[in-house]
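These notes are about the structure you will find just below.
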Amino acid sequence: MKKTTRPIRIESAPRKIEVTNLDITVLAGGPSEEREVSIASGNMVASALAGLGHRVSICDISPDDLSALGRAADIVFIALHGSFGEDGQIQAELERRGIPFTGTGSVGSALCMDKVAAKGCFVAAGLPTPRFDVARSSRIAEVARRWRLPVVVKPVCSGSSVDTHLVRDRSRFLAAMTDVVKKHGQAMVEELIEGPELTVGILGNRALPPIQIDTSRDFYDYQAKYIDEETDYRFDIDLSPKLLAKVQAMSLRAAEAAGCRDFCRVDWMVDRITHEPYLLEINTIPGFTSHSLLPKAAQKEGLSIAQLCQRIVELALVGDND
């Protein structure tokens, strides 16, 4: 994956480097609607890193309280989800202070958080993505006339499927757009691709095994992601190995095009008729909860949650030496 400039860089690093006994600040919580998920992720990360012998402090943070950044630490592990944590704001502050941190930098984070900007990046890179439109308060009626159903209506800058609507009934179309615009200022209307939903975790320069997500709900919403114990995550995917390898390769291309680094998760839909894959979005700080998909994919590769967190710290400090 493409690397961006870091505040601290270790030059001429040997092939294998021991990164041990660090003082690590884990940022969790934050001001977004995904706060509870972030706290769960942060607790999991903090426990995993402490179990490896690191000195770990888990800290809440907000735009009005940056005191967590004042404590001396070798690195900050960002486990924040949603606004302020994933949109480049905290990354920009850490860059300004010269503090090393895990994951994608401020520019790539801001790009991936903005679904419209990210889609522009995917299109420019020649990657397939569902057709889309943007509805603002002045354009809701116009957008409603232009689209055939079914569609997905979602916030432009949000995660965890918060305020996302799958719309099959035209009587709900205007209401869904109005609801999202009222809460978020604008809404993205996206062509619904019906078929298997896949996600590919990226760790360093590697694409991890794809996971198929099966849910009994209308789509993979917040309930299915974090609460429903019946959501099924499968590695035995009934798609050709060639197609799955293509999705992995395109996931790496997408992450590089968006300026991601070290780790992320790339989400796809595969048309059940044509078997063509369509890129939905990139999550630059995927979850670290019991339901989260990056840890599941890493475990499939033989990495425990502790080993995954350690690898992310190593990538942040010394880069990819594999």
Side-chain angles (χ1 to χ4, degrees), residues 32-38 81-88 109-123 127-199 213 215 217-228 231 254 258 264-271 277-287 293:
S32 83
E33 293 175 299
E34 299 172 69
R35 174 179 173 82
E36 294 305 314
V37 178
S38 173
H81 304 311
S83 60
F84 187 66
E86 285 187 89
D87 58 10
S109 296
L111 173 68
C112 291
M113 190 67 173
D114 184 327
K115 294 179 176 63
V116 173
K119 277 180 170 285
C121 175
F122 303 153
V123 170
L127 295 163
T129 189
R131 294 183 302 111
F132 69 100
D133 203 345
V134 179
R136 299 176 181 86
S137 57
S138 60
R139 295 192 68 235
I140 290 176
E142 175 191 348
V143 171
R145 288 193 298 270
R146 291 174 54 172
W147 280 83
R148 295 178 60 184
L149 303 183
V151 297
V152 178
V153 179
K154 61 179 76 172
V156 171
C157 296
S158 186
S160 293
S161 299
V162 172
D163 294 324
T164 296
H165 305 259
L166 194 161
V167 182
R168 299 183 183 276
D169 183 347
R170 186 154 294 276
S171 65
R172 292 189 56 242
F173 193 13
L174 282 172
M177 284 191 287
T178 300
D179 176 67
V180 175
V181 169
K182 182 178 180 179
K183 293 180 180 178
H184 300 273
Q186 55 184 349
M188 186 169 78
V189 177
E190 186 177 58
E191 173 189 15
L192 175 65
I193 305 298
E194 300 199 72
E197 181 168 0
L198 305 180
T199 190
I213 302 160
T215 175
R217 302 180 69 81
D218 286 343
F219 67 101
Y220 189 45
D221 60 7
Y222 187 97
Q223 180 84 14
K225 286 176 177 173
Y226 302 114
I227 300 171
D228 191 348
T231 302
C264 63
R265 198 192 71 231
V266 187
D267 297 337
W268 297 83
M269 295 298 299
V270 179
D271 188 292
Y278 291 87
L279 173 54
L280 296 180
E281 60 185 76
I282 298 177
N283 188 325
T284 55
I285 306 181
L293 301 176

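This structure is a prediction, so every number in the text was calculated from the model and none was measured.
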4.5 Å side-chain heavy-atom contact, [X] and [Y]:
X      : Y      : result
Asp169 : Leu149 : no
Glu86  : Ser32  : no
Trp268 : Ile193 : no
Leu192 : Pro130 : no

Checklist entry - What residues form a side chain to side chain contact (heavy atoms under 4.5 Å, CB included) with Leu174, not counting sequence neighbours? => result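 Residues passing side chain to side chain contact (heavy atoms under 4.5 Å, CB included) with Leu174: Ile140, Ala144, Met177.
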
Looking at [atom1] of [X] and [atom2] of [Y], how far apart are the two atoms once the value is rounded to the nearest 0.5 Å?
X      : Y      : atom1 : atom2 : result
Asn283 : Leu293 : CG    : CG    : 9.5 Å
Ile282 : Leu111 : CD1   : CG    : 7.5 Å
Leu280 : Leu198 : CG    : CG    : 10.0 Å
Asp163 : Lys154 : CG    : NZ    : 12.5 Å

Checklist entry - Ion pair present between Lys115 and Glu190, side-chain N to carboxylate O less than 4.0 angstrom? => result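 Here Lys115 does not pair with Glu190 in a salt bridge, since their nearest N and O are not under 4.0 Å apart.
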
Specify the closest pair of heavy atoms between [X] and [Y], including all atoms of both residues, with the distance to one decimal.
X      : Y      : value
Phe132 : Trp147 : C-CZ2, 3.6 Å
Met113 : Ser83  : CE-N, 3.7 Å
Pro150 : Glu194 : CG-OE2, 4.0 Å
Pro128 : Pro277 : CG-O, 3.3 Å
Ala258 : Cys112 : CB-SG, 3.7 Å
Pro155 : Thr164 : CD-OG1, 4.1 Å

Can you tell me if [X] uses its side chain to pair, donor with acceptor, with the backbone of [Y] under 3.5 Å?
X      : Y      : result
His81  : Ile285 : yes
Thr129 : Leu279 : yes
Arg265 : Thr199 : no

Checklist entry - Among Lys119, Arg146, Arg131, whose salt bridge (Lys or Arg N to Asp or Glu O under 4.0 Å) with Glu191 holds? => result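 Checked Lys119, Arg146, Arg131 against Glu191; only one passes salt bridge (Lys or Arg N to Asp or Glu O under 4.0 Å): Arg131.
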
Item to check | Chi angles and distances behind the side chain to side chain contact (heavy atoms under 4.5 Å, CB included) call for Val116, Gln186 | outcome: CA-CA 11 Å; Val116 173; Gln186 55 184 349; 6.0 Å; no

